[in-house]
Structure formats: structure tokens, C-alpha cells
Amino acid sequence: MTTDLLAGLNEAQREAVEAVDGPLLILAGPGSGKTRVITHRIAYMIRSLDVSPRSVAAVTFTNKAAREMRERLFGRSEHDPASPLLPGMWNYRHEFTVSTFHALCAQILRREALHAGLESTFVIYDQEDQLEAVKQAMEIQEIDPKRFSPRSVLNAISAAKSSLIEPEAFAAARSTFADEIVSRIYRQYQGLLSRNNALDFDDLLLKAYALFRDNAQVLDKYRSRYEYLLIDEFQDTNVAQYAIARQLAGKHRNICVVGDPDQAIYSWRNADIRNILSFQRDYPDARTVTLGENYRSTSTILDGATGVISANNRRIDRPLTTSNGRGDPILVGEAYTPEEEAQQVLGEIQRLRKDSGHSLGDCAVMYRVNAQSRALEDGCLRRSIPYKLIGGVRFYQRREVKDVIAYLRVVQNPYDDVSLLRIINVPPRGIGQRTVEQLVHDARVQGIPVYAAAQLAAEAEQQGQSSRDRGSRTGRAVSRFLYVVNALIESAGSLQIEELIDAIMERTGYREHLRAEGDQGQERLENIAELRATARELQPMEPSERLAAFLEGAALVSDVDALEEGEDAITLITLHQAKGLEFPVVFIVGLEEGMLPHIRSFDDPEQMEEERRLFYVGMTRAKERLYLTRSFRRDFRGGSGASRPSRFLSDVPQSLVSSLAMAGRRSAVTPLGARPAYQGSAAAEPSGEPPLKSGERVRHARFGDGIVVSCVPSGTDHEVTVAFKGSSGIKRLLYTFASLERLE
DNA sequence: CTTTCGGGATTTTTT
DNA sequence: ATCCCGAAAG
């Protein structure tokens, strides 16, 4: 019975599975069979130790990881041909808790709303909503958004919340003038959210923590239930999340955390690697198991990745081993433009497909910023290669989707000012800035929601009590708007969500509004159709809860969650989103200074180390083949500039690397001679000052303005490669003859 | 008072 | 390329 769960595990893995009681820290390197250990561990508890699935909670980083864990344990369907680890327990699958911290907290807060001092219908604000609320708070506090950017204020507030610092504590600890400002906005912001019956992402954690802290009964209920707690991706948890984990583990102390400090890439979201140290401090009796054997990658890929990560100073050296073969070398490619880089990548994918039997689904292209997906998408379209784009402009972030969701939120809770103000004049209906200001002012003076203020204004209008000029036009516009909203609220109870969406589209004129936008509007209508389709997938439930559940899903679902197996297409994905995934063939594009490492990390050594970890995460996704590519030129804010190779490339041991033939190139130029560019520029620069440096702007009589890509000696002369704007493209010129004029 | 248009500044990564 | 603000037009 138990033997098959332990069979096929190495010694460390087996130890991690069997150490069920007491605190346990699992340090799991990439590809070390972490998922296997976690699932076998849970199955082992339930099957061999007779633990009830109800007593187990697992916390994952994404909803997708949660879903997959449930599937491995209980099966995909009742009679899943792929045998699950817990055969015949299909009916118990919902007893077992597995979700993200945010989803778990949202669920608890809804259930315990009464004790948490919340309304169970609270909405969840995403970042855009948060930013709106911060702006509103700043306006009330009369703080100039030009002097203090709402964005950084929000970051400061979020950082405080992630460390469980509530407004009072923040005010008490403030020391600088900037703190003083943030403190005032923070308090105001929390007030606005609570008046709007809204929680932001951080509140989900903060309020759950506070609920457990302040209500011993509720805490006891949950900590009694969850005898066994498991937290995945522990290196990317924040202080609040860890605090909640400790609260929940407070009774039984069976807490298992799994992580890898080398894969910590979310410090910007206030994740704190030091949680691993805190864990060891808080649970001095914790056992530590290290999983160091890699089963995923070739030794070449692993050694390359090790070379990269070893350059980080603040880390404990923990060797990774593998008994996999050497496999192919790591291939380094160079192109002139991102478009060409994409051609190169896609050409190679098509070649692999033909020559080595790889499917498109085997291949993933990874990049640092979402904007880089565009060149790749274009290339795929041109070559008719199917692709799956993960993220991009994320679905639930799209303007039209957010607009419809804002309408749905207003229908559910008209006192949600942020949502109401979002749609009050969308589509334009004669309620302009001035009128909105007046309404917001009225609301503020009377301490009522904007919706109520609008209601009053409309009544006054009808009774002819309002001042003349506010009369006819705007007053009637407000009345008309309220009439539509109220009609929607009334009909909501009897409608399915799809029907409600349809009603919104028709009655508010939103459909017509988009239709008038032409092509783009058509695309937007399709996105709304997609939103409508997701509503139909909702599980049957109480009509009153249906809308709340739908809105919660819309707020908490991420895009990796949508990554479905099956369809044969290449995957385009950011390095962050690639965490936890693996592919036989991985391309990492844009290996340039400023891109990866990103320019924003240049002045902070800690951030630079995080960039390196990000690269490491990407490299270790690859099982068989790894490609690293860069472009000489990178578009930037409309313009474009020359770029230097990423410093990370020089940390990949050269013996593991081979140069990628430039299959997709337009011109037959050999860049920078035969020498691989990853050696870095300084190493190979010849004697004698080059007349031009890469990155300088120059003008040519015939080709116009351009940017120097490279300048290398050629006999007694220098050969200058220039990327010209417009149709001239890339030209190689001899310096003496070209008569280039340097531009400042 | 509202809408629209143009110019200026600004972009990492996401539960 | 996209958001924000001010100015002009309706």
C-alpha cells in the first residue's frame, strides 16, 4: 500500500515524504522532483497514515498549480484513466484544501465576514482600481500627484500592508516627510476602500491575519481543522503570508514549507526571502531536507545555469547534480533587430520540428517584458505558426473587460465608488468631468456614496429644486444613467450572468459604442464574448452568490491559469510566469543590458541579483535544448537604440556554448567577426581608440540618421555597422569613406 | 459643459 | 504605443 508511494524516490525525496510530523523545510532545486514529493507526501498522509483530506491544506503560488495538485491526487475526472495517487477518492476532492493564499483568505473572509467586520459581498480591487482609489485619497488630502506619484504611494502602502503594518502603526512609525504623506494617504485610502465595501489584494491577507489575531474562536476553528499545512514556493511569500501560515500551524505545528532561495523572483511584490530564515528561527526543531538531484535538464543546461547563479554573492552554494547526459550545447544567437531575432527563433523551431521530431508544444519562448511578445507574435502570424500567448495585456485587465466588470460590480454593490466612477460616463452620456466633480463633492460633504448623491441630485432635479444651470441637460443625464443602473439592479436577480452582461451591453449602449470603433471595437466585442463564455462555466450555485463568485474569479484568476495542455502551439511567456513550468526546448530572448538585466535594477545590487535569479529560473525550465538570443537594436519608447550583450551571457561557461547559425537573417553579414558576442565588448577591443562607439547617433548623407551598432578594426580602417532609421536598415561602412557625422 | 484632439511624459515582472 | 492634461470646438 505505502510502498508504491515511496517507490522510485531517492533518499532525500523519501525523507521529505515521510517526515510528516513537525516542522519541515524542503529546499528544492529546479527539476528536483518537488511536485512529486509534495503530492506523494500528501497522498502518503492520507493513504498510509489515515489522515482525513479535510485536515490538510496546501498553499500554492497560482490557481493552476492548485488545480494540478488536486488532479494528481484525485484524478481529472471520476474515472480518470491516468491513475491518481488517491484512487477511488474522487468524492473527497473538495474536502482537501488547495489554493493560493489570496483565494484561501478571500474564502475565509467571506465565510467569516461577520466576525471580520466585513460585508460578505465585498469586491476585490486589482491594481488599477487601487491606483484610482489612491488618486481619490490624494485628492481628498489635497496632495499634488505631480509631487508624489500615486504609483509610488501605492507601492509604499502595499509594502506596509504586506508587512502587516496597519495605518495606525504606520503613522506611529513615520519618520520622514514622505512617510507623513504616505501615512495620510494610507489612512484615507483604507477609509475609501471600506466605504466602498472593497478589499485590495493586500487586504485579503491583512484582514485574514487580523481576523485570526483578534478572534480566538475563529482562529481555533481553522487551526484545529488544518492539522497539516504545506506551503509551496515559500521563497516568494511575503511577511503577511508567512504570519498567516504560522497562525494556522499554531496548534499542530505540522507545517511544511518548500522553496528555493535561488528562485526568489518576487521581491517587487514584497516577497521576502528572509522568511526562510524566519522559519528556521521560529521552528528551531525544524528538519531540513535538501533535494539536489536534477531530473529535468541535461548536464550542459544545468552547468550553464549553475555558472550564472554562482555569480550571485548573497547565496549559499548548493550544488545541483544530475545523471542526465550532456546533450546539446547551449546555443547563442544574435540578430540585428527584435524582428530578426524572432525570425531566427521561429526558423529554428521549424527546423527542430522537421529534423528532431519536436512538436510546437515542446517549445517555449521566454522574455523579460510583455512588450517583447509582439515581434514574436508577428513572426508567428507571418509563418502561420500557432502560438499560445500567456499574459500580454492580460485578459481581465483589458479596458472593455474591466468596464463590463465595473458595471457588474455596480449592479452588485452600487456603493462601490471606484467602479461607479469608472462607468458613469462610459460610453459618453453627457456626464462630464464637471458634473462628476460636483457629485463627488456632494457625496463627500454628506458622507454618502456617490451613487446616493446622484440619486439625491436626480430627485432634486425632478422636483425642480435645483439651480437653473444644473437643470435640464446634465441633471437629466444623471437621471437617465441612474434609471439604467437601477433597472439593471432590479433585473439582476432573475438573470444568468451571461444575460446580465447582455443586458448591460444593450441598455447602456456599450455595444453600440464599441461597434462604432470599427476594427478595434470588433476585437473588444470578441473579448466581451469571451468574458461571457467564462461566466457560463461557473458551477451551479445560489443565484445570490453567483455574481460574487464570478467577480471573485475575475479578480483572482491569473493568466498562467489558462495555460492548457493539448493544442500543439508554441508558448510565449514571461520569465516570471514560466516559474514552475518545464519545456523540452526553451528560447530566452532579449539577452541585452537593460532588458535582462532590466535597466531598473542597475543601481541596486539586490535587484541585480534578482534579475540573475530570473535568468536562472528561465534557463532551468529547459529539459533538452536551450537557446539564448539577443538583438543589436532594441526599440524603446518609439525610438530605438543599440544594445550591448547581457552581462549574464559571460557567466555561461564558454565550453558549453555554441553559436547559432543565423538562419533567418536578411543580409549576409557576419556580426562582429566570428567571435561570439557574449565574451563582452571590453575583452576583445583592439588597440587604438575606435572612432565611434556603439550607441552613438550618426548621420549619413544618403542613409540619414542611425545608431552605431558596432565599430571594429578592419585593416588600417574601422568597419562601422550602423542601424539606420526607416527603410535604409543595417549598413556596414568603412569609417574613412562613410563620412559619418556624429549627432549629439 | 462636454467632447475631441494634440502634445508631453512615461512603461518590469503579477496574486 | 498609451495615459494624462490643456485647449479648442460643438
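So that the names make sense, note that chain A is the first sequence line, chain B the second, and so on, each numbered from 1. A quick note: this is a predicted structure, and the numbers were derived from the prediction, not measured.
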Atom-pair distance ([atom1] on [X]; [atom2] on [N]), nearest Å:
X	N	atom1	atom2	answer
R524(A)	dT2(C)	CZ	P	9 Å
E610(A)	dT14(B)	CD	C1'	12 Å
N370(A)	dA1(C)	CG	P	17 Å
N425(A)	dT4(B)	CG	C1'	13 Å
K579(A)	dT15(B)	NZ	P	10 Å
L131(A)	dT11(B)	CG	C1'	13 Å
Q372(A)	dT13(B)	CD	C1'	11 Å
N155(A)	dT13(B)	CG	C1'	12 Å

Handout entry: Those residues that, when tested against A243(A), pass side chain to side chain contact (heavy atoms under 4.5 Å, CB included) (two or more places apart)
Key =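 Partners of A243(A) under the side chain to side chain contact (heavy atoms under 4.5 Å, CB included) test: L164(A), Y209(A).
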Problem - Counterpart residues, side chain to side chain contact (heavy atoms under 4.5 Å, CB included), relative to F602(A) (two or more places apart) - result: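 For F602(A), the residues satisfying side chain to side chain contact (heavy atoms under 4.5 Å, CB included) (neighbours in sequence not counted) are E593(A), P597(A), I599(A), M608(A), R647(A).
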Problem - K135(A) vs dC4(C): side-chain N/O to OP1/OP2 distance below 4.0 Å - result: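 Checking K135(A) against dC4(C): at least one side-chain N or O falls below 4.0 Å of OP1 or OP2.
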Problem - Residue-phosphate contact under 4.0 Å: T62(A) side-chain N/O, dT15(B) OP1/OP2 - result: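 So the side chain of T62(A) is outside the cut-off, no N or O lying under 4.0 Å from OP1 or OP2 of dT15(B).
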Among [options], which is the nearest nucleotide to the side chain of [X]?
X	options	value
R434(A)	dC1(B), dT14(B), dT15(B)	dC1(B)
Q577(A)	dT3(B), dT14(B), dC1(B)	dT14(B)
H576(A)	dC4(C), dT15(B), dT14(B)	dT14(B)
F201(A)	dT11(B), dT13(B), dT15(B)	dT15(B)
P428(A)	dT14(B), dT3(B), dT11(B)	dT3(B)

Practice task
Apply salt bridge (charged side-chain N to carboxylate O under 4.0 Å, His left out) to R269(A) and list each qualifying residue two or more places apart in sequence or on a separate chain.
Solution key: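 Once residues adjacent in sequence are excluded, R269(A) has no partner under the salt bridge (charged side-chain N to carboxylate O under 4.0 Å, His left out) criterion.
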Exercise for the section: With sequence neighbours excluded, tell me which residues meet salt bridge (charged side-chain N to carboxylate O under 4.0 Å, His left out) with D203(A). Expected result: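 Partners of D203(A) under the salt bridge (charged side-chain N to carboxylate O under 4.0 Å, His left out) test: K161(A).
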Exercise for the section: Give one of base, sugar-phosphate or nothing for F101(A), where a contact means two heavy atoms less than 4.0 Å apart. Expected result: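 Here F101(A) touches no strand at all.
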Practice task
Could you check whether W268(A) and the base of dT13(B) form a stacked pair, meaning centres closer than 5.5 Å and planes differing by less than 30°?
Solution key: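 Yes, aromatic ring over the base.
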Handout entry: Flag, side chain of R621(A) to backbone of L581(A), donor-acceptor distance under 3.5 Å
Key =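 Between the backbone of L581(A) and the side chain of R621(A) there is a qualifying donor-acceptor contact (under 3.5 Å).
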Handout entry: Parallel, tilted or perpendicular: rings of H576(A) and Y266(A) (30°, 60°)
Key =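 Ring orientation, 0 to 90° scale: perpendicular.
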Under 3.5 Å, which N/O atoms of the protein pair with N/O atoms of nucleotides 5-8 of chain C?
none

Name the atoms and distances for all side-chain donor-acceptor pairs under 3.5 Å in residues 101-112 of chain A, with sequence neighbours left out.
from: H102(A); atom 1: ND1; to: F201(A); atom 2: O; distance (Å): 3.4
from: R110(A); atom 1: NE; to: E552(A); atom 2: OE1; distance (Å): 2.6
from: R110(A); atom 1: NH1; to: S120(A); atom 2: O; distance (Å): 2.8
from: R110(A); atom 1: NH1; to: F122(A); atom 2: O; distance (Å): 2.9
from: R110(A); atom 1: NH2; to: F122(A); atom 2: O; distance (Å): 3.3
from: R110(A); atom 1: NH2; to: E552(A); atom 2: OE1; distance (Å): 2.6
from: R111(A); atom 1: NH1; to: Y222(A); atom 2: OH; distance (Å): 3.4
from: E112(A); atom 1: OE2; to: K221(A); atom 2: NZ; distance (Å): 2.7
from: E112(A); atom 1: OE2; to: Y222(A); atom 2: OH; distance (Å): 2.7

